[in-house]
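Just so it is clear, the model here is predicted, and its values are computed rather than measured. A note on names: the letters A, B, ... follow the listed sequences, proteins ahead of strands, and every chain is numbered from 1.
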Amino acid sequence: MPEKVHTHFGNLAEESAPKPTLATDEPSATENAGHKKKRSKKRKREEAANEPQAPRDDADSNAKNASPSPNAPGEGSKSEEKVDSVPQPQESAPAPKSKLKPKSKPFSDNKTNFTSLREKANTLYELRKKLPIFGHADEIRKNLRDQDVMLLVGETGSGKSTQIPQFLVNEFWCRPQPAKICKEDGTTKSVTVGGCIAITQPRRVAAISLARRVAEEMGTPLGSSSPASKVGYSVRFDTSTSPSTRVKFLTEGMLLQEMLHDPWLTKYSAVVVDEVHERGINVDLVTGFLRNLVSGKREGRGGVPLKVVVMSATADMESLLGFFQEGFKGQPQLQNGTSDEESEAPTKDEASKDISVCHIKGRQFPVKTIYSPAPVHDFVDAALKIIFQIHYKEPMPGDILVFLTGQETVEALENLVNEYAVGMDPNLPRILVLPLFAALPQVAQQRVFAPAPPRTRKVILSTNIAETSVTVSGVRYVVDCGKAKVKQFRTRLGLDSLLVKPISKSAAIQRKGRAGREAAGQCFRLYTEKDYLSLDETNTPEILRCDLSQALLNMKARGVDDIVRFPFLTRPPREALEKALLQLLNINALEETGGISKVGMHIAKLPLTPTLGRVLLAASEHGTECLIDVIDIISCLSVETIFLNTTSEEKKEAAETARRDLYRREGDHLTMLSTVRAYAGENADRKAWAERHLVSHRAMQSVMDVRKQLRNQCRQSKLLPRDDRQDHHHDPSPVDILQSFLCGFATNTARLVPDGSYRTVVGNQTVAIHPSSVLFGKKLEAIMYNEFVFTNRTYARGVSAVQMDWVGEALAGQ
DNA sequence: GAGCACTGC
């Protein structure tokens with residue numbers, strides 16, 4: 001029910017703003033109202049390589065968001081850093097005959113204009129010198145000469161992500177060191193340790209664009225474009241490095257993968273863990289492994305130290321400091337026992353006992369905070385008032401960024417602002433409303449980065465995507481509803497909940513900061529100061545909010561037998577750990593003793609959740625054809641939803657008909673299979689095919705990437721024949737496929753009860769088929785589902801019809 | 001009758 005609320009903010013006069021009667025009289029302004037289906041939705045955000053975004057005037061975030069393409073829209077709206085673009089090599093260019101380096105990848109050094117690279121680097125150097133971190137270079141170098149671990153608090157805009165690797169790369173300890181390592185049989189082996197710096201990032205876009213930026217600053221070609229390239233990156237499906245790579249940006253997951261093969265990280269002299277405050281689960285694993293590595297005897301590195309820099313934007317350094325100190329305290333004194341005398345590695349034992357801490361101010365303009373004087377019940381309505389208040393009162397230029405909770409509230413407010421703007425004083429500047437959320441099609445997202453037309457104020461209505469992932473320039477006003485949707489895994493129910501929750505103080509500060517990137521700004525918080533003070537300090541780490549089975553299997557695969565003694569940055573509750581262990585036992589990934597099984601080892605190497613990995617192995621027992629089909633389905637399940645929502649009514653009709661030949665009565669799994677097959681079988685124009693069927697072309701491209709990766713892996717592990725180049729035109733066997741899935745998802749099943757609803761087989765919970773399912777509204781004996789999610793009610797997503805006796809068998813088999 | 005944000009040999 002819409003409530004009339006008075007949102008009078010500070011001393012800002014309200015009378016000049018139009019009275020938003022619409023907002024208060026119109027129920028649809030609320031979170032659950034119905035301004036929906038106005039636009040095509042559900043498309044994954046463009047991958048890094050195609051993501052043009054406006055550059056910014058601070059190097060740090062500029063690099064993280066900058067467009068890879070020199071001609072991308074949005075680039076150059078700020079001129080400060082706009083320099084002649086460096087020639088960007090194209091991966092697809094045919095290999096020219098190069099006299100210089102015949103072994104090099106297609107891209108030739110004779111095309112790389114080193115002079116122009118150097119010139120550009122010189123220009124950039126002038127800008128680098130102005131970064132807040134630049135004056136700390138010597139201090140940072142000294143810290144890391146003396147100590148192995150450094151914690152660095154660098155506020156946004158300090159330039160830490162781009163500059164730290166450059167400060168360190170020419171240090172003596174960063175050179176490759178000859179070392180001898182003891183092998184298990186007692187013999188020693190001469191190896192080279194170190195030489196490279198790894199910098200981890202939570203997102204692929206950031207990893208790629210930072211690499212590009214640092215390459216420019218260092219005046220070196222990027223990645224695999226030249227064998228002389230000193231800067232590269234590595235993200236899933238896209239690794240670009242050269243034999244000369246000294247600075248490598250990678251995603252956290254990628255470093256974990258590298259550690260699975262090289263637990264001692266022998267390639268690296270230093271690992272920089274960036275954006276730790278975001279606290280994704282992978283950061284918790286990485287820091288845990290790194291702590292063991294730096295505080296241990298380094299025998300696998302021949303005693304050569306590994307420098308670790310942990311960087312965060314928020315000042316929550318005490319817990320990190322305590323975490324690493326604990327590691328040094330608990331370990332035996334470093335005796336450098338296995339290192340050899342010729343090694344030039346510093347042998348200062350005491351160095352590894354200490355940790356340095358460095359604090360760098362950000363470069364930020366002041367932002368004035370204005371709180372709501374009274375609690376706000378309808379933040380869409382409150383935001384509407386504030387938007388027009390700002391627009392009427394505040395001078396141009398100055399765009400408005402509004403943080404909302406989800407697509408629904410974004411679209412509701414979008415409609416209200418547009419309706420309202422019609423009656424606005426024609427002498428006022430115009431308002432351009434721009435929605436921004438991850439499911440928004442790429443083209444629509446890009447409109448946010450284009451500068452506003454003359455005499456127009458942009459009003460960006462965003463989910464928390466704008467908090468970290470995306471930077472919009474031109475913003476001077478932030479309106480913060482104080483809430484966000486958070487996914488939380490509830491261990492006891494095995495249920496994922498997506499709920500609107502208050503944000504943390506650090507998120508509130510982050511949102512506010514978005515107003516002060518280019519000039520002084522204002523932040524309107526749609527909650528009281530008292531509410532602010534009662535917020536949690538930091539975001540709940542992901543490790544406390546997610547299913548731990550994959551993380552635990554990962555640890556087991558690395559030989560961490562005693563999970564309880566693993567150094568967790570934040571220790572998950574015992575119950576969550578036990579649940580995950582039980583789940584791994586159920587799918588036979590662990591032995592009864594708790595050690596990893598052969599099956600588990602196999603699953604751990606797959607880029608899949610343990611359950612999906614188990615399904616893949618089960619399918620291989622049903623034969624090659626079943627495995628091929630199950631890989632197609634699993635590929636769909638590991639990307640965002642592949643079906644787009646229909647835009648207009650007429651289009652909907654046509655699309656529904658076109659899609660109907662893809663639908664399978666067995667359920668979503670076989671529907672996905674038929675979709676992948678049809679898409680892969682389309683040789684003429686896959687994009688047009690996808691459009692005709694209202695299937696997300698982007699999602700399908702990811703599906704094909706995953707499919708290729710999984711097929712390759714199955715070939716390597718001999719689950720698939722090496723020469724399966726023939727097309728797989730066999731008829732799928734739904735029974736084999738669904739029974740394979742039941743091997744992983746036996747507990748994700750529900751049966752129909754007499755009142756027509758479904759109850760879970762384990763736990764007897766009520767569950768409804770999600771409206772996105774092809775089985776929505778159908779009554780079947782029993783269903784199996786991939787996800788059990790709570791939003792407004794409990795839903796099963798990724799649903800297929802199964803028989804109760806299969807479920808019984810599958811449960812018995814566990 | 002519905003979709004916060006990320007990510008992986």
Is the A:F568 ring parallel, tilted or perpendicular to the A:F566 ring (thresholds 30°, 60°)? perpendicular
Winner on side-chain proximity to A:Q550, out of B:dG8, B:dG1, B:dA5, is B:dG8
A:R204, nearest nucleotide to its side chain (from B:dT7, B:dG1, B:dA5): B:dT7
When you get a sec, tell me which of B:dC4, B:dA2, B:dG8 is the closest nucleotide to the side chain of A:K487? B:dC4
So, is A:T251 near the phosphate of B:dG8, with a side-chain N or O under 4.0 Å from OP1 or OP2? yes
When we call it a touch if two heavy atoms are under 4.0 Å apart, what does A:L256 touch: a base, just sugar-phosphate, or nothing? nothing
Counting side-chain heavy atoms from C-beta on, which of B:dA5, B:dA2, B:dT7 comes nearest to A:A438? B:dA5
For B:dA2, does OP1 or OP2 lie under 4.0 Å from any side-chain N or O of A:R793? no
Between A:E467 and A:K512, does the salt bridge (Lys or Arg N to Asp or Glu O under 4.0 Å) criterion hold? Intermediate values first, please. CA-CA 9 Å; A:E467 207 177 287; A:K512 170 182 160 182; over 6 Å; no
Is the backbone N or O of A:I631 less than 3.5 Å from a side-chain atom of A:S635, with the two atoms forming a donor-acceptor pair by type? yes
Taking the side chain of A:Q257 as its heavy atoms from C-beta onward, which of B:dG8, B:dA5, B:dG1 lies nearest to it? B:dG8
At under 4.0 Å between heavy atoms, what does A:L499 touch on the DNA or RNA strands: base, sugar-phosphate, or nothing? nothing
Looking only at B:dA2, B:dC4, B:dG8, the nucleotide nearest the A:L498 side chain is B:dC4
Write out all pairs satisfying salt bridge (Lys or Arg N to Asp or Glu O under 4.0 Å) with one or both partners inside residues 252-265 of chain A, taking only residues at least two apart or from two chains. A:K248-A:E258, A:E258-A:K267
Which of the following nucleotides, B:dA2, B:dC4, B:dT7, is nearest to the side chain of A:K485? B:dC4
Of the listed nucleotides B:dA5, B:dT7, B:dG8, the one nearest the side chain of A:V205: B:dT7
Between P of B:dA5 and CG of A:L440, the distance in whole Å: 10 Å
What I want to find out is whether A:D536 reaches A:K505 closely enough, with some N-O distance under 4.0 Å, to be called a salt bridge. no
What's A:A207 touching, base or sugar-phosphate or nothing? Going by heavy atoms closer than 4.0 Å. nothing
Which residue, A:N464 or A:S638, contacts DNA chain B at a nucleotide closer to its 5' end, judged by nearest heavy atom? A:N464
Taking OP1 and OP2 of B:dA5, is either one under 4.0 Å from a side-chain nitrogen or oxygen of A:T463? yes
What is the nucleic acid contact for A:L606, judged by heavy atoms within less than 4.0 Å: base, sugar-phosphate only, or nothing? base
